[in-house]
Visitor: 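Here it is, the structure, as structure tokens.
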Amino acid sequence: MNLFTEYPDSELRYLPRAAVIECCAEVDLLEVVEDALMRHGTGQAILPEEAYLGWRTASGAAARALAMPGGLRDGDRLVLGLKTINGSLGNPALGLARSQGLLMMFDPDVAWPRTVMESAYLSAMRTAAVTAVTARLLGRPGMSRAAVLGCGTLAKAHLALLPVSEVCLYDLDRARALALAEAVRDELDVTVAGDAESCVRGRDLVITVTTVTEGYLPYEWLSPGALVAHVSLDDVLPGVVRDAALVVVDDWDLVRQDHRRLLGRLYRTGELLGPDGGACPGVTPDPRARPVDTTLARVLTGAHPGRADPGDVILSNPFGMSVLDIALGQAVEAVAARRGAGFLLPR
């Protein structure tokens, strides 16, 4: 006797990593990310706080799981989804990528999951696409020389999308930096630095994609006009935040709610103010505290002018918004449906 007739036979589409990569080849990643940023900036995004679960692996490595729901309004319809992205800092020593996860796309009418796809590739390319859009909007005119600190998956994604011709790489594991340099040598003028300082000095664009938990990068290393894409958590020192001509985030609410990243910590200690000039409730601001200036979406929509002078040092500190992954997921889902990619699985 079947009492559960409200669960009719149906299917969802599963896209493994290879299918996601194939579908992404037919998607203009920068165009999709830029459009999603515009919709975020014009109030067409639904962006709840992420859920965080942290633990230690059997080897003692720090590990975490993130659950990031979100939605975008696409005309009269909603595009809804949830990204999970899990990672362990011990994975590279095992020859494994630090992170892996899944993206679920939901049917907006019945709310059931409709498509499930591997999300680590999408997440990395989304991150790099945000940096590429930021470089176009806020980079110094004629920008051509980049530094990439950290040579893992995110570095690879950035090198695929960077709007520069010359790149210097640095990683604490020099062999990893040398291997990445060799892999991209035919496409880019690439060198490997012996230390972080020599990698950063003289560069127009500085991209941090490391796993460090203590800052090391002072303002004094930065060239006039440099754009710092502070993708990872803790690379820049507080002086970079204090002295930058412009500090840009993707979503201030996400940044201020976070207890692990540099800007959120500075906000809670009174060393950083919100875009409205307000201090963290209950905290007396430091007399030297400066505000976050704007969001990337406001620069993109023209609500903020962006770079004021070619010599300005600009700090971009994106949190990483689920709505960008969901926008890319929608584009990949459409390509997959058209091509019949992936696998149809019974629910």
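Numbers for residues simply follow the sequence, beginning at 1.
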Visitor: Cut-off 3.5 Å, side chains only: do Asp293 and His304 have a donor facing an acceptor?
Guide: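 His304 and Asp293 do not have a side-chain donor-acceptor pair below 3.5 Å.
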Visitor: Are a donor atom and an acceptor atom from the side chains of Thr208 and Thr210 found within less than 3.5 Å of each other?
Guide: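 No, no side-chain donor-acceptor pair sits under 3.5 Å.
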Visitor: Looking only at heavy atoms, which two atoms of Ala135 and Met143 are closest? And how far apart?
Guide: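 Looking at all heavy atoms of both residues, the shortest contact is CB-CE, 3.6 Å.
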Visitor: Checking side-chain contact (heavy atoms from CB on, under 4.5 Å) between Met105 and each of Val79, Val116, Leu80, which is the one that passes?
Guide: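 One option only clears the test, and that one is Val79.
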Visitor: Among Asp250, Ile207, Thr134, exactly one meets side-chain contact (heavy atoms from CB on, under 4.5 Å) together with Ser316. Which residue is that?
Guide: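 Per the side-chain contact (heavy atoms from CB on, under 4.5 Å) rule, the option paired with Ser316 is Thr134, out of Asp250, Ile207, Thr134.
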Visitor: Is there a path of hydrophobic side-chain contacts, each under 4.5 Å between heavy atoms, that joins Ile85 and Leu82?
Guide: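 In one cluster: no.
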Visitor: Measure across Asn86 and Ala65 and return the closest heavy-atom pair with its distance rounded to 0.1 Å.
Guide: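 Shortest heavy-atom separation between Asn86 and Ala65 comes out as OD1-CB, 3.3 Å.
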Visitor: Testing the basics here: between Thr131 and Val231, what is the closest heavy-atom pair and its distance to 0.1 Å?
Guide: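 Looking at all heavy atoms of both residues, the closest pair is OG1-CG2, 3.8 Å.
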Visitor: Heavy-atom count around Phe343 CZ within 6.0 Å, excluding the residue itself: above 12?
Guide: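 Result for CZ/Phe343: open.
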Visitor: Looking only at non-hydrogen atoms, find the nearest pair between Ile46 and Val323 and report the distance.
Guide: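 Looks like O-CG1, 3.5 Å.
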Visitor: Let me check something: do Leu296 and Leu246 share a hydrophobic cluster, defined by ILVMFWY side-chain heavy atoms less than 4.5 Å apart, either directly or through other members?
Guide: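 Yes, because Leu296 and Leu246 connect within a single hydrophobic cluster, where side-chain heavy atoms sit under 4.5 Å apart.
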Visitor: Might you confirm whether atom CZ of Arg288 has over 12 heavy atoms from other residues, nucleotides or ligands at distances under 6.0 Å?
Guide: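 12 or below, so no.
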Visitor: Where do Leu122 and Cys24 come nearest, in terms of heavy atoms and distance?
Guide: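 Residues Leu122 and Cys24, closest heavy atoms: CD2-SG, 3.6 Å.
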Visitor: Once you measure the plane-to-plane angle for Trp252 and Tyr267, does it fall in the parallel (<30°), tilted (30-60°) or perpendicular (>60°) bin?
Guide: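 The rings of Trp252 and Tyr267 stand perpendicular, inter-plane angle above 60°.
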Visitor: Below 4.0 angstrom, N of the basic side chain to O of the carboxylate: do Asp195 and Arg201 qualify?
Guide: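 Salt bridge: no.
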Visitor: Charged N to carboxylate O under 4.0 angstrom, Arg256 versus Asp253?
Guide: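 A salt bridge links Arg256 with Asp253.
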Visitor: Where do Val148 and Ala155 come nearest, in terms of heavy atoms and distance?
Guide: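 Distance-wise, the nearest heavy atoms are CG1-CB, 3.8 Å.
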Visitor: Would a 4.5 Å heavy-atom cut-off, applied to side chains only, mark Leu344 and Arg13 as touching?
Guide: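 Yes - at least one pair of side-chain heavy atoms lies under 4.5 Å apart.
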Visitor: Do Arg242's NZ or CZ and the ring of Tyr219 fall within the cation-pi criteria of under 6.0 Å and 45°?
Guide: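 No; the conditions do not both hold, so Arg242 does not lie above the ring face of Tyr219.
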Visitor: Quick check on Gln257: does its CD atom have over 12 non-hydrogen neighbours (other residues, nucleotides or ligands) under 6.0 Å away?
Guide: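 Enclosed: over 12 neighbouring heavy atoms sit under 6.0 Å from CD of Gln257.
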Visitor: Do Gln100 and Asn91 have side-chain N/O donor and acceptor atoms under 3.5 Å apart?
Guide: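 Distance-only check fails for Gln100 and Asn91.
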Visitor: For side chain to side chain contact (heavy atoms under 4.5 Å, CB included), just list the numbers for Asp243 and Val313, CA-CA rounded to whole Å, side-chain angles, deciding distance to a tenth of an Å, and then say yes or no.
Guide: CA-CA 8 Å; Asp243 295 336; Val313 170; over 6 Å; no
Visitor: Does one hydrophobic cluster hold both Leu324 and Leu66, with members joined at side-chain heavy-atom distances below 4.5 Å?
Guide: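 Shared cluster, no.
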Visitor: Can you tell me if Arg39 uses its side chain to pair, donor with acceptor, with the backbone of Arg73 under 3.5 Å?
Guide: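 Yes; judged by distance alone, with no hydrogens or angles, the pair exists.
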Visitor: Any ion pair linking Arg126 and Asp325 (charged N to carboxylate O, less than 4.0 Å)?
Guide: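 So Asp325 pairs with Arg126 through a salt bridge.
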Visitor: Given Asp189 and Arg145, is the salt bridge (Lys or Arg N to Asp or Glu O under 4.0 Å) satisfied, shown in steps?
Guide: CA-CA 9 Å; Asp189 180 0; Arg145 308 179 73 222; over 6 Å; no
Visitor: Only one of Val332, Leu328, Leu37 clears side-chain contact (heavy atoms from CB on, under 4.5 Å) with Val32; which?
Guide: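 Of Val332, Leu328, Leu37, side-chain contact (heavy atoms from CB on, under 4.5 Å) with Val32 is met by Leu328 alone.
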Visitor: Can you tell me how far apart CG (Leu149) and SG (Cys168) are? Round to the nearest 0.5 Å.
Guide: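 Interatomic distance, Leu149 CG to Cys168 SG, rounded to 0.5 Å: 8.5 Å.
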Visitor: So that I can tick it off, tell me whether Asp234 and Arg265 are bridged by a salt bridge, with the cut-off set at under 4.0 angstrom between side-chain N and carboxylate O.
Guide: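 Asp234 and Arg265: salt-bridged.
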